[in-house]
Amino acid sequence: MIGWIIWLVGMILTLKAAYEIWLLNVPMIKRIIAIILIFVTSWVGLLFYYLFARKRLQSWLS
């Protein structure tokens with residue numbers, strides 16, 4: 001049960017991060033690559049995104 005809850009929270013946060021990346025004003029291919037990286041790296045990617053890259057991602061992808 002705990003494992004399922006952790007998975008569900010991770011999936012919700014991943015979808016939220018993907019949505020935020022999708023709304024950035026950068027080329028579409030770069031957005032898609034960033035979203036795929038978030039999904040592939042799972043919790044590590046989420047931690048990196050929310051703790052470090054969230055405010056810097058648009059300048060990195062421009």
**Q.** Common cluster, L57/I33, ILVMFWY with side-chain heavy-atom separation under 4.5 Å
**A.** no
Q) Between V44 and I36, is there a shared hydrophobic cluster once you connect ILVMFWY residues whose side-chain heavy atoms come closer than 4.5 Å? A) no
Q) Roughly how far, to the nearest 0.5 Å, is the OG atom of S62 from the CG atom of N25? A) 7.5 Å
Q | Residues, nucleotides or ligands: over 12 heavy atoms within 6.0 Å of W4 CH2 | A | no
Q) Does a side-chain heavy-atom distance below 4.5 Å link L15 with F39? A) yes
Q) Can you hop from F52 to L47 via hydrophobic side chains spaced under 4.5 Å? A) no
(Q) With clusters defined by side-chain heavy atoms of hydrophobic residues (ILVMFWY) lying less than 4.5 Å apart, directly or transitively, does L13 cluster with V40? (A) yes
Q: Taking all non-hydrogen atoms of both residues into account, name the closest pair between I32 and W22 and its distance.
A: CG1-CZ3, 4.0 Å
Q: Go through the steps to decide whether W60 and Y49 satisfy the test ring-ring contact (aromatic ring centres under 6.0 Å, His included), and finish with yes or no.
A: CA-CA 12 Å; W60 291 347; Y49 175 74; 10.0 Å; no
(Q) Hydrophobic clusters here meaning ILVMFWY residues chained together by side-chain heavy-atom distances under 4.5 Å, can you tell me if L37 and L23 are in one? (A) no
Q) Between NZ of K16 and CG of L46, what distance do you get to the nearest 0.5 Å? A) 10.5 Å
(Q) Nearest 0.5 Å, please: how far is OH in Y19 from CD1 in I35? (A) 11.5 Å
Q | Pairs touching residues 37-54 that satisfy salt bridge (Lys or Arg N to Asp or Glu O under 4.0 Å), sequence neighbours left out | A | E20-R54
Q | Gap between atom CD1 of I21 and atom CD1 of I38 - 0.5 Å precision | A | 4.5 Å
(Q) Please give me the minimum heavy-atom distance between Q58 and V26, naming the atom from each residue. (A) O-CG1, 3.8 Å
